[in-house]
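These notes are about the structure you will find just below.
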Amino acid sequence: MKPARTRSTAAMAAAVLVTAALATACNRGSTGTAAGSGGGKPAIGIDLPRSDSDFWNSYAQYLEKGIKDEGLNALPRSNSQNDVTKLVANVQVFQNTGAKAVVMAPQDTGAIASTLDTLAGKKIPVVSVDTRPDKGDVYMVVRADNKAYGTKACEFLGEQLGGKGKVAEFQGALDSINGRDRSEAFAACMKEKFPGITVFELPTDWKGDVASAKLQSLLAQHPDLNGIYMQAGGVFLQPTLALLKQKGLLKPAGQKGHISIVSNDGIPQELDAIRKGEIDATVSQPADLYAKYALYYAEAAAEGKTFKAGPTDHDSTIISIPNGLEDQLPAPLVTKENVDDKALWGNNIG
């Protein structure tokens, strides 16, 4: 059974053709489908949040596949490059070129409220992927439980270390609901369950070079560091492993001196690192399902369908949030025991 919904009685108008202005719109990449190629389906505007993360690049690949497979009428994709001002400009282009729904993943969840208000005033529904805007109406948030990310990482790492040691935490941007949720849950869990572990919170703004620089400084002060929690493997994995290798600290799991590492994302590179014993675990953030259900809900929104809170047919639960609904998709913990599971998206993407 699909999530509960009702249909609008009004038929949707045919999607508008893309204007010449679309070709020169700011921050737009080369990928795109001309409006009208979706067989009369309503046009959907999609903004990608960044291209400097392996996770988000995987999400983009799944989006393109979904658009093609479903024959959707997607306007040329834009990329806001982790800049809310570019996101606002890109959304304006979508409005001007006939978008009937917009998919976005605002990295600054506090600064997007006025844009959401503008879209609501024009009756253009918004699907927010991975991040939940602090204010402003959204049709649906497609996301996993990010507090669970922090808790799962804490519990695994705490048990690995036997409740004692020193852990570096690469915090995501704290102006993002995801950064706050993961950080708050990790801190609360450590305080309650593993008081013998000292946690060094390192704000990074989701930047790998910042995390690497702060880790280097921390290692100089605390060479006995024995744990790391990376809130986003897509940006932190490569620079972290490179630094540890450079310092002779990249010991495989089970070997004396190994630094236990837990990550979030589930990208193929993390799964390979688990197999090699370079890291111990990751929480697999479902890039494939983010793309699938972002498109599903965007098309449903453009067609006037509605949903309500409750369980879905895809092993998730829709919950009510102050500014709309949120579909909380499953995000499993991956360790050496299940790293080869074919159900993990990181084992399937090309």
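Computed from a predicted model, the values in this text were never measured in an experiment.
Annotation: ring pair (Phe, Tyr, Trp, His ring centres under 6.0 Å) contacts of Y149 (sequence neighbours excluded): none. Taking N57 as the reference, nothing meets the side chain to side chain donor-acceptor pair (under 3.5 Å) condition, with sequence neighbours excluded. By the salt bridge (charged side-chain N to carboxylate O under 4.0 Å, His left out) test, D340 is found to be paired with R275, residues two or more places apart in sequence or in another chain being considered. Judged as a ring pair (Phe, Tyr, Trp, His ring centres under 6.0 Å), and not counting sequence neighbours, the contacts of F200 are H222.
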**Message:** side chain to side chain contact (heavy atoms under 4.5 Å, CB included), that's the test. Do K245 and L243 meet it? Break it down for me.
**Reply:** CA-CA 5 Å; K245 183 176 181 180; L243 176 63; over 6 Å; no
**Request:** Dump the intermediate steps for side chain to side chain contact (heavy atoms under 4.5 Å, CB included) on I44 and L75, then the final yes or no.
**Result:** CA-CA 6 Å; I44 298 171; L75 298 172; over 6 Å; no
**Asked** Which is it for R143 and N178 under the side chain to side chain donor-acceptor pair (under 3.5 Å) test, yes or no, and what are the steps along the way?
**Response** CA-CA 10 Å; R143 188 172 179 253; N178 289 352; 3.0 Å; yes
**Message:** Would L161 and N226 count as a side chain to side chain contact (heavy atoms under 4.5 Å, CB included) here? Give the steps.
**Reply:** CA-CA 8 Å; L161 300 182; N226 59 349; 3.9 Å; yes
**Request:** May I have the step-by-step check of side chain to side chain contact (heavy atoms under 4.5 Å, CB included) for K152 and F186, ending in yes or no?
**Result:** CA-CA 8 Å; K152 288 179 182 180; F186 187 77; over 6 Å; no
**Request:** For side chain to side chain donor-acceptor pair (under 3.5 Å), just list the numbers for D327 and Y293, CA-CA rounded to whole Å, side-chain angles, deciding distance to a tenth of an Å, and then say yes or no.
**Result:** CA-CA 9 Å; D327 190 352; Y293 288 104; over 6 Å; no
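Closest approach of D280 to A253, counting heavy atoms only: OD2-CB, 3.9 Å. Taking each heavy atom of M104 and V91 in turn, the nearest pair found is CE-CG2, 3.8 Å. In plain terms, the two heavy atoms of Y59 and A287 that are nearest each other are CD1-O, 3.9 Å. The shortest non-hydrogen separation linking N348 to K342 is ND2-O, 2.7 Å. The heavy-atom pair separating I261 from L244 by the smallest distance is CD1-CD1, 3.8 Å. Between L237 and A273 the shortest heavy-atom distance is CD1-CB, 4.5 Å.
Under the 3.5 Å distance criterion, the side-chain polar atoms of E201 are left unmatched by any main-chain donor or acceptor of V199. Side-chain atoms of T97 come within 3.5 Å of backbone N or O of V93 as a donor-acceptor pair. Without hydrogens or angle criteria, E326 side chain to I319 main chain gives no donor-acceptor distance under 3.5 Å. Between the side chain of N338 and the main chain of D341, no donor-acceptor pair closer than 3.5 Å is present. A distance-only check finds no donor-acceptor pair linking the side chain of D137 to the backbone of A120 [under 3.5 Å].
Screening residues 83-138 for disulfide (SG to SG under 2.5 Å), with sequence neighbours left out, gives no hits. The list of side-chain hydrogen bond (donor to acceptor under 3.5 Å, both in side chains) pairs with a residue in residues 204-221, not counting sequence neighbours, is empty. Sorted by first and then second residue, the salt bridge (charged side-chain N to carboxylate O under 4.0 Å, His left out) pairs with a member in residues 105-114 form an empty list; sequence neighbours excluded. For the salt bridge (charged side-chain N to carboxylate O under 4.0 Å, His left out) condition, no pair includes a residue of residues 246-259, sequence neighbours left out. Applying the disulfide (SG to SG under 2.5 Å) rule to pairs touching residues 152-252 yields C154-C189, sequence neighbours excluded. The disulfide (SG to SG under 2.5 Å) pairs that include a residue from residues 230-293 number zero, where partners must be two or more places apart or lie in different chains. The salt bridge (charged side-chain N to carboxylate O under 4.0 Å, His left out) analysis of residues 183-198, with sequence neighbours excluded, yields the pairs K147-E184, E155-K193.
Checked by atom type, the side-chain pair N79/D47 shows no donor-acceptor distance below 3.5 Å. Between the side chains of D83 and T85, at least one donor N or O sits under 3.5 Å from an acceptor N or O. In this model, no donor atom of one side chain and acceptor atom of the other lie less than 3.5 Å apart for S51 and Q81.
You'll find the side chain of P133 reaches within 4.5 Å of the side chain of P106, heavy atoms only. Two residues are said to be in side-chain contact when any heavy atoms from C-beta on lie closer than 4.5 Å; Q107 and S176 fail this criterion. By the 4.5 Å heavy-atom criterion applied to side chains, V127 and V102 are not counted as neighbours. At a threshold of 4.5 Å between non-hydrogen side-chain atoms, the residues T240 and F170 count as touching. Taking 4.5 Å as the limit, every side-chain heavy atom of I228 sits out of range of all side-chain heavy atoms of S260. Considering only heavy atoms from C-beta on, Q95 comes within 4.5 Å of Q92 through its side chain. With contacts defined as side-chain heavy-atom distances shorter than 4.5 Å, the pair S316/Q328 does not qualify. In this structure the side chain of E278 reaches within 4.5 angstrom of the side chain of L250, judged on heavy atoms.
Once rounded to the nearest 0.5 Å, the distance linking CD1 of I124 with OG1 of T118 reads 9.5 Å. The OG1 atom of T151 sits 10.5 Å away from atom CE of M190, with the distance rounded to the nearest 0.5 Å. A distance of 9.0 Å separates CD of Q160 from OG1 of T335, quoted to the nearest 0.5 Å. Considering CG of L325 and CD1 of I318, their distance stands at 6.5 Å, rounded to 0.5 Å.
Just one of D134, T131, D175 meets the side chain to side chain donor-acceptor pair (under 3.5 Å) condition when paired with T109; it is D134.
Using a 4.0 Å cut-off between charged nitrogen and carboxylate oxygen, D224 and K166 count as a salt-bridge pair. A salt bridge is defined here as a Lys NZ or Arg NE, NH1 or NH2 lying under 4.0 Å from an Asp or Glu carboxylate O, and D69 with K292 fails to meet this definition. Ionic pairing of R182 and E169 is not present here: no N-O contact between side-chain nitrogen and carboxylate oxygen is shorter than 4.0 angstrom.
Cluster annotation: L116 and I177 are assigned to distinct hydrophobic clusters (Ile/Leu/Val/Met/Phe/Trp/Tyr, side-chain heavy-atom contacts under 4.5 Å, transitive).
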Identify each donor-acceptor pair in which a side-chain atom of residues 262-271 lies under 3.5 Å from a protein atom, sequence neighbours left out, and give them as a table.
from, atom 1, to, atom 2, distance (Å)
S263, OG, G233, N, 3.3
S263, OG, E270, OE2, 2.4
N264, OD1, Y229, OH, 2.7
D265, OD1, Q285, NE2, 2.9
D265, OD2, G233, N, 3.3
D265, OD2, G234, N, 2.8
Q269, NE2, D54, OD2, 3.4
E270, OE1, G266, N, 2.5
E270, OE1, I267, N, 2.8
E270, OE2, T282, OG1, 3.0

